[in-house]
Undergrad: 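Let me give you the structure first, and then I'll get to my questions.
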Amino acid sequence: MTEAVLGAMSGLRVIDLTRVLGGPYCTQILADHGADVIKVEPPAGDEVREWGPPFHEEDAAYFVGINRNKRSIGLDLASEGGRAVLLKMLETADVLIENFKPGTLEKWGIGNETLREKFPRLVHCRICGFGADGPRGGNPGYDAIIQAMTGMIAATGSPESGPMRIGVPLVDITTGLYAAIGILMALSERQRSGKGQFLETTLYETGLAIMHPHTANYFMHGKPPSLTGNEHPNLVPYAIFPTKTDNIFIGVGNDGTFRKLAKEIGKPELGTDPRFARNKDRIANREALRAELAAVFSQHEAEPLCNRLLAAGLPAGPVQKIDQALTNPHTIARGDVIEKDWYKGVASPIRLDRSKPSLRRLPPKFSQHAAEVLGEFGYSKAEIDAMVEKGTVCGPERKR
């Protein structure tokens, strides 16, 4: 990430009322690429500031990792004065994103119909668990619970381990990605129509949407997936294998690639063996092929073997821990770790040629930018001080 470069989203103003993961992840994507993201926090702050250790001062790494390039203002939206400040900010905003329980903004008198009337060009994005309607409409959503409810946990793990939660908050993060895509779609449509619109991204629908190929398989043959551990239900070989040193992962997507792999590892006869020649044959003889490959790989060291296979155009990689991944020569060469003062993070993976992402602001302290932001919206110092005194706007101290 470079500094002092106009990003693709420069000039876009985003009012971010979200907390926890999906929403902040979405707005960090926009902020990395130049959007002015104003993070509006409740008086107690975004709760993930507390999700540690580890901490930098009072902010958990969990918060730090998804809130760079934003400005923070603590605002009591449950108060009439806080809502008045929000409406003032929305006068010049392009996007409002929130993850309140459906009906909350309506209860406060600032629901979507009111916002649409007051700010016809505003794109209003809501992230929530299940949506506003349906039998579970309005229910809260949590990553692991959605993993459980959408078949993800039931499809993950081995016969020995039993069903397992995926080790990263995949549903929350992907919901944030879908929200960012939806916002960009709505902004693109606004260029034609001149009008904003409401969009909703739910954890539940995201969970269902990313269950490929299990949903496609089920629609085709009506059978739920079995637990296959690290192996693929539709492709063989596609699994972890031990070597002399570390484990490696081999993934083969077609018969030609398998024949090439067999030749590269000095066992060309495997590519024409009737048990393994076609993918459906390899699936039927999965264990026999595993034994053949394991015998070969056990004679090699992981890193040199993977380097050779990758250089030959074959899909192979060492199974690395996070410290190895972050210090890998390729990671360093690509500039994938960014630093500023005390902060370290993973760079935006969206690499545009001219309008590059940048690290302009460190993750904000709670309500760090309240006076700066309110001044931009025309509030005087006396008005700001009065709002802080009243509790409408928060000072740097959070209400615990």
Side-chain angles (χ1 to χ4, degrees), residues 18-26 28-29 46-55 60-67 99 101 127-131 134-181 201-219 223-235 238-242 246-251 317-326 345-346 349:
T18 66
R19 308 171 316 287
V20 190
L21 179 51
Y25 192 84
C26 167
Q28 182 169 278
I29 294 170
D46 186 333
E47 53 259 51
V48 298
R49 289 184 183 271
E50 307 283 350
W51 287 14
F55 290 96
Y62 204 113
F63 174 87
V64 165
I66 50 173
N67 282 288
N99 60 353
K101 179 180 177 181
I127 292 176
C128 58
F130 295 90
R136 298 193 184 279
N139 286 178
Y142 303 91
D143 182 277
I145 308 307
I146 302 301
Q147 285 195 34
M149 295 178 69
T150 57
M152 206 170 294
I153 287 179
T156 304
S158 66
E160 295 74 27
S161 71
M164 296 191 72
R165 178 183 69 87
I166 295 173
V168 294
L170 185 63
V171 174
D172 276 337
I173 288 173
T174 310
T175 303
L177 288 167
Y178 279 139
I181 294 167
T201 306
T202 75
L203 274 67
Y204 186 72
E205 266 101 40
T206 294
L208 291 175
I210 61 177
M211 278 296 290
H212 186 81
H214 301 300
T215 49
N217 289 344
Y218 177 77
F219 289 142
K223 301 174 185 176
S226 58
L227 293 176
T228 59
N230 291 305
E231 303 213 10
H232 198 290
N234 296 72
L235 296 171
Y238 202 100
I240 286 178
F241 293 88
D246 297 305
N247 289 331
I248 62 172
F249 202 103
I250 299 291
V319 178
Q320 300 184 139
K321 295 181 180 178
I322 189 68
D323 57 330
Q324 295 172 299
L326 292 174
V346 175

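As the structure is a prediction and not an experimental result, all values here were calculated from the model. Because only heavy atoms are used, hydrogens play no part in the values below, and waters and symmetry mates are left out as well, while side chains stay in.
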Undergrad: Could you grab the distance from atom CG of N230 to atom CZ of F241, nearest 0.5 Å is fine?
TA: 10.5 Å
Undergrad: Quick one: CD1 on I210 to OG1 on T150, what's the gap to the nearest 0.5 Å?
TA: 7.0 Å
Undergrad: To the nearest 0.5 angstrom, please state how far the CD1 atom of I127 sits from the OH atom of Y178.
TA: 13.0 Å
Undergrad: Within this structure, what is the OG1-OH distance for the pair T18 and Y25, rounded to the nearest 0.5 Å?
TA: 13.5 Å
Undergrad: Are the side chains of P213 and N234 in touch, meaning some heavy atoms are under 4.5 Å apart?
TA: yes
Undergrad: Quick one: closest heavy-atom pair of G138 and K101, and the distance?
TA: O-CE, 3.2 Å
Undergrad: Testing the basics here: between V48 and F63, what is the closest heavy-atom pair and its distance to 0.1 Å?
TA: O-CB, 3.7 Å
Undergrad: Over all heavy atoms of both residues, which pair between T202 and G129 is shortest? Give the atoms and the distance, please.
TA: CB-O, 3.7 Å
Undergrad: With side chains defined as the heavy atoms from C-beta onward, is the minimum distance between K223 and N217 less than 4.5 Å?
TA: no
Undergrad: Identify the heavy atoms of M211 and M152 that sit nearest to each other, and give their distance.
TA: SD-CA, 3.6 Å
Undergrad: Has M164 got more than 12 heavy atoms of other residues, nucleotides or ligands less than 6.0 Å from its CE?
TA: no
Undergrad: Under 6.0 Å from the CZ atom of F55, do we count more than 12 heavy atoms belonging to anything else shown?
TA: yes
Undergrad: Are L227 and S158 side-chain neighbours, meaning at least one heavy-atom pair lies under 4.5 Å?
TA: no
Undergrad: Please report the interatomic distance CG(L326) to NZ(K321), rounded to the nearest 0.5 Å.
TA: 14.0 Å
Undergrad: Taking it one step at a time, do F249 and Y238 satisfy ring pair (Phe, Tyr, Trp, His ring centres under 6.0 Å)?
TA: CA-CA 7 Å; F249 202 103; Y238 202 100; 5.5 Å; yes
Undergrad: Please test L21 against I66 for side-chain contact (heavy atoms from CB on, under 4.5 Å), starting from the C-alpha separation and ending with a verdict.
TA: CA-CA 7 Å; L21 179 51; I66 50 173; 3.7 Å; yes
Undergrad: Of all heavy-atom pairs between C128 and G131, which one has the smallest distance, and what is that distance?
TA: SG-N, 3.4 Å
Undergrad: How far does OG1 of T175 sit from CD1 of I146, to the nearest 0.5 angstrom?
TA: 8.5 Å
Undergrad: Hey, does I29 have a side-chain heavy atom less than 4.5 Å from the side chain of L177?
TA: yes
Undergrad: Indicate the atoms forming the closest heavy-atom contact of D143 with D172, along with that distance.
TA: OD2-N, 2.9 Å
Undergrad: Fit a plane to each ring of Y204 and F130, take the angle between them on a 0 to 90° scale, and name the class: parallel (under 30°), tilted (30 to 60°) or perpendicular (over 60°).
TA: tilted
Undergrad: Is a side-chain donor or acceptor of Q147 paired with a backbone partner of I166 at a separation under 3.5 angstrom?
TA: yes
Undergrad: Between N99 and R19 (side chain of the first, backbone of the second, donor and acceptor by atom type, cut-off under 3.5 Å), is there such a pair?
TA: yes
